[in-house]
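First up is the structure itself, then whatever we jot down about it.
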Amino acid sequence: MAAEFEPVRASEMKSAMAPELYLSPDVFALETKHIFHAEWFCAGRLEQVPGSGDCLLVEVAGESVIVLRGRDGAVRAFYNVCRHRGSQLIRAQPLPDAADPGALNSTRVGAAIVCPYHAWSYNTDGTLRAAPFVQFDAACPKENFSLVPVALESWGGFIFVNLSERPKPLAEQLAKAVHTLGRYPFADMRRGAQLVYDVRANWKVLLENYNECYHCGPVHPELCALVPAFRDKGGAGLGWEHGIPHRSGAWTFTSTGTSARAPFPGLTETEKTHHKGEIVYPNLLLSAAAEHIAAFTLWPTGPDVTRIACEFLFHESELGKPGFDASDVVDFWDLVNRQDWEVCELAQLGLGSAGYTPGRFTQAEGTVHDFDRMVAEAYLK
Ligand SMILES: [Fe+2]
């Protein structure tokens with residue numbers, strides 16, 4: 001009960017991280033090496049590459065990676081670099097104007113990737129197909145010029161790539177999410193809509209925001225009307241593992257709290273009325289309602305800018321129904337998302353001020369402190 005809740009003593013509050021860690025290109029380079037290029041990085045969904053020659057262009061903190069379905073049906077990843085003189089093979093396109101699912105970074109290469117510079121071409125399995133006016137021989141065989149592979153695995157329809165030499169098992173990174181969200185049928189979900197945002201904030205600011213609900217009362221009035229527990233106790237003591245209850249009569253994240261769509265098959269009675277959230281560090285955030293998942297991927301491109309793709313996943317049986325319309329979910333999330341990005345951008349601006357020294361975390365922000373410690377440990381590797 002809110003009335004019984006004891007405020008935390010300020011002297012017992014843990015300190016936030018130094019502002020330089022959110023501003024410095026050198027720190028971002030460290031994070032790129034020890035986090036984004038060392039861990040499994042969510043690159044999208046398998047349904048974005050449905051057929052042979054379908055391709056996703058993935059920017060993993062400064063490294064461009066091609067995710068491509070081959071003629072044999074397998075999905076592979078390669079560095080987006082020609083083995084001849086290093087030209088990028090596929091150039092990233094600017095953000096689409098329309099909210100076209102899949103338009104963000106989807107493309108097609110067809111039967112071969114052809115380098116735009118000297119027209120060296122590659123098969124969909126990454127092997128060199130042809131190099132104009134070059135005769136390969138035993139001393140320098142064609143096989144030496146295959147595209148450089150990047151490790152790729154999938155879980156529940158999500159594609160993950162890993163740029164390290166010896167990737168750790170993906171299961172280690174997924175363990176907590178698999179435990180909490182084990183009954184949600186991710187493999188049977190499909191994207192019904194996508195929103196893309198460019199946010200002027202450090203990726204850690206965004207993850208810190210996702211890690212606490214102390215801000216929910218002041219920032220998200222509509223969300224708190226749906227889930228009053230988000231503002232009770234200042235967002236402290238939320239049991240994310242078992243889910244957070246909606247107000248009576250509400251059971252999902254839409255303006256009415258209801259939906260014509262059926263809950264996912266296989267959920268418990270509690271999961272049908274509670275909201276769950278999980279993070280697969282470093283860049284996949286999952287927000288689970290009973291009939292849709294909002295899956296956020298973060299694409300950091302510098303210390304103070306992060307692209308966020310928000311995919312809305314629905315059960316494939318719902319997507320196939322005539323008149324399927326995701327706008328109730330998309331409109332509600334777009335409102336909540338923009339409220340978050342606004343305060344994250346304000347935080348980023350303030351972190352750069354001479355007037356800021358690290359503040360203290362409340363008891364509702366313990367998971368923010370845990371996240372900061374995890375990142376700090378990565379700096380020490
Ligand atoms: Fe928020």
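When a ligand or atom number is given, it counts from 1 through the structure's own listing order. Because only heavy atoms are used, hydrogens play no part in the values below, and waters and symmetry mates are left out as well, while side chains stay in.
Here the two rings, on F371 and Y281, have centers that are under 6.0 Å apart.
Between W333 and F253, the angle of the ring planes lies from 30° to 60°, which puts this pair in the tilted group.
For the pair R45 and F158, the cation-pi test (distance below 6.0 Å, angle within 45°) is passed.
Checking H220 against the Fe ion (ligand 1), an N/O/S atom falls under the 2.8 Å cut-off. Among the backbone and side-chain atoms of H215, an N/O/S atom is found under 2.8 Å from the Fe ion (ligand 1).
With respect to F314, the ring-ring contact (aromatic ring centres under 6.0 Å, His included) criterion is satisfied by exactly one of F186, Y184, F324: F324.
The name of the N, O or S atom in D340 nearest to the Fe ion (ligand 1) is OD1.
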